[in-house]
Amino acid sequence: MARLQPVRGTHDVLGDKAIRFRTIYEKFKSVAERYSHQEIDTPIFEFTETFKRTLGDTSDVVTKEMYTFEDRGGEQVTLRPEYTAGIARAFMSNGLQQSAPCKFYSFGPMFRYERPQKGRMRQFHQMDVEILGVPEPQADIEVIALGSDLLDELGIGKHIKLELNSLGDPGSRADYRDALVKYFTGFKSALSEDSLQRLDKNPLRILDSKDEGDRALIENAPRIFEFYNEATKNFFDEVKSGLEALSINYVINDRLVRGLDYYCHTAFEFTTDQLGAQGTVMAGGRYDGLMEMMGGPPTAGIGWAAGMERIAELISEEILLNSDRPVVVAPVGNSTQVVAMKIAHDLRLDGIVVDMAYRGNVAKRMKRANKQNAAFAILIGDDEIARSVGMVKNLDLGTQEEVSLSNLSQYIREAQK
RNA sequence: GCGGGUGUAGCUCAGUUGGUUAGAGCGCCAGAUUGUGAUUCUGGAUGCCGCCGGUUCAAAUCCGGUCACUCGCCCCA
């Protein structure tokens, strides 16, 4: 027997969750469009190589988290674990260098083979925003402001803080990396096993180790800002003063890093303490080296991705978008079925949300209406048909009156105001 | 991949030192009320006690394994 279970780490989106998702998406779309971003939808899978190139052969995502398989034509393909690679690829595939700068937004499912946990699924959903072809710090400011506005409009800005850092330009970044390796190599025997691996794979990552022994060493490790050159400093200052001009609060976290080499300058995360171990709600940064690394022309890029499921857990009931309450048409007796269906259809053509009470006696059908959270029930019996009226009952007030069929739509619309 | 917790009705959960027919609330269905819902009253059905094996006269209960969920580590949105 087939297991009537969803695959581990996947979930059905329905009911309250669906409403939350839709609310978040509508706000996201509206805010992104106000920043003049265009919608883009890239395929949910790409050639495996696309992700390997961009994420690096040693990253956890590539080494153990990708859903990779061979298709019938023998191609190695991978369900996307993140957005940026696909969008960068689309940028080049479509020759959009011509129309740069490009500002995109997108929303959809992502896949990572991980052990599920609170706020972490194997199929999850992200909203994503990218600006391609703008090396100026104004893009950094705009992208962060977009994210900040969205969280505010979702009513969760107060629970979330913006952590900000600069990884520097490639020059200062490389200097810092060297200094870190040198420093930690001196304490090799004291480092945790995890950090020991990070030392040659991804030394910057040691900085956010939670191991107590590591933390003591990290305290005295060289700080990234000591290695900022003039260009880096200027860029970062512009970002910071821009955020201040827009009254966007941030805290500097010089332990906030990105492992891969194509990242530079701005790195940021919007985090909360209300989601257990998974505190990051939105994260992004600048990746000016990415396109070149993928084999395209040098193109600046900055963006962020935000986790729908995580945000869905934070937003409160009050901001959820509610849909129109339906009107329920209830035929009385089988002979009225067809006429009732026609009445329902006319109402629908007039833009009214209509459900039908399909079976049972009048009490049953009224019950059905009530369960659908209907505002009105319209009883249609032989008697009503003979006189071209419907018996319209207001289910909130318990009152009812006969309304001529030709006035039904208008009556409902007025009453719903 | 590693460690902790939990699996009993559609949902939330009780179930005594192992003891024979496994419970409650909510929800669901039916009736009171065959042209009037939500309230009220009455009645009904909930079930491989996650799955497999072991111990025992006897297992929802104890033991082992397994699967799932969940929390944390790693990593990330």
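Numbers restart at 1 for each chain; the letters A, B, ... are given by sequence-line order, proteins then strands.
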Taking any heavy-atom pair under 4.0 Å as a contact, classify [X]: base, sugar-phosphate, or nothing.
X: A:Q400; result: base
X: A:G279; result: nothing
X: A:K393; result: base
X: A:R112; result: base
X: A:E269; result: nothing

**Study point:** Residue pairs passing the salt bridge (Lys or Arg N to Asp or Glu O under 4.0 Å) test where at least one lies in residues 356-381 of chain A, sequence neighbours excluded
**Key:** A:D355-A:R368
For [N], take OP1 and OP2 only and decide whether either is under 4.0 Å from a side-chain N or O of [X].
X: A:R205; N: B:rC76; value: yes
X: A:R8; N: B:rC69; value: yes
X: A:K364; N: B:rA30; value: yes
X: A:R120; N: B:rC75; value: no
X: A:K371; N: B:rC29; value: yes

[X] (side chain) and [N] (base): donor-acceptor pair under 3.5 Å:
X: A:E384; N: B:rG35; result: yes
X: A:K118; N: B:rU70; result: no
X: A:R115; N: B:rG3; result: yes
X: A:R198; N: B:rC74; result: no
X: A:Q117; N: B:rU70; result: no

Practice item. Choose from B:rU70, B:rU36, B:rC75 the nucleotide whose nearest atom is closest to any side-chain atom of A:Q278. Key: B:rC75
Check your understanding: Once the angle between the rings of A:Y25 and A:F107 is folded into 0 to 90°, is it parallel (under 30°), tilted (30 to 60°) or perpendicular (over 60°)?
Key -> tilted
Point to revise | Whether A:W304 and A:F28 hold their rings parallel, tilted or perpendicular, with breakpoints at 30° and 60° | key: tilted
Review point. Side chains of A:R89 and A:E46: closer than 4.5 Å at any heavy-atom pair?
Key: yes
Practice item. State, with a plain yes or no, whether a side-chain heavy atom of A:F69 is found less than 4.5 Å away from one of A:V77. Key: yes
Distance-only check: which donor-acceptor pairs under 3.5 Å involve side-chain atoms of residues 7-19 of chain A, not counting sequence neighbours?
| residue | atom | partner | partner atom | Å |
| --- | --- | --- | --- | --- |
| A:T10 | OG1 | A:V7 | N | 3.4 |
| A:T10 | OG1 | A:V7 | O | 2.6 |
| A:D16 | OD2 | A:R20 | NE | 2.8 |

Revision key, fill the gap. When pairs are called at under 3.5 Å and a stem needs at least three consecutive Watson-Crick or G-U pairs, the stems of RNA chain B are B:1-7 with B:67-73, B:10-13 with B:23-26, B:28-32 with B:40-44, B:50-54 with B:62-66
Exercise for review: Using the ring of A:F111 (Phe, Tyr or Trp, six-membered ring only), decide whether A:R122 places NZ or CZ under 6.0 Å from its centre and within 45 degrees of its axis.
Suggested key: no
Check your understanding: How many Å lie between CE on A:M356 and P on B:rG37, as a whole number?
Key -> 19 Å
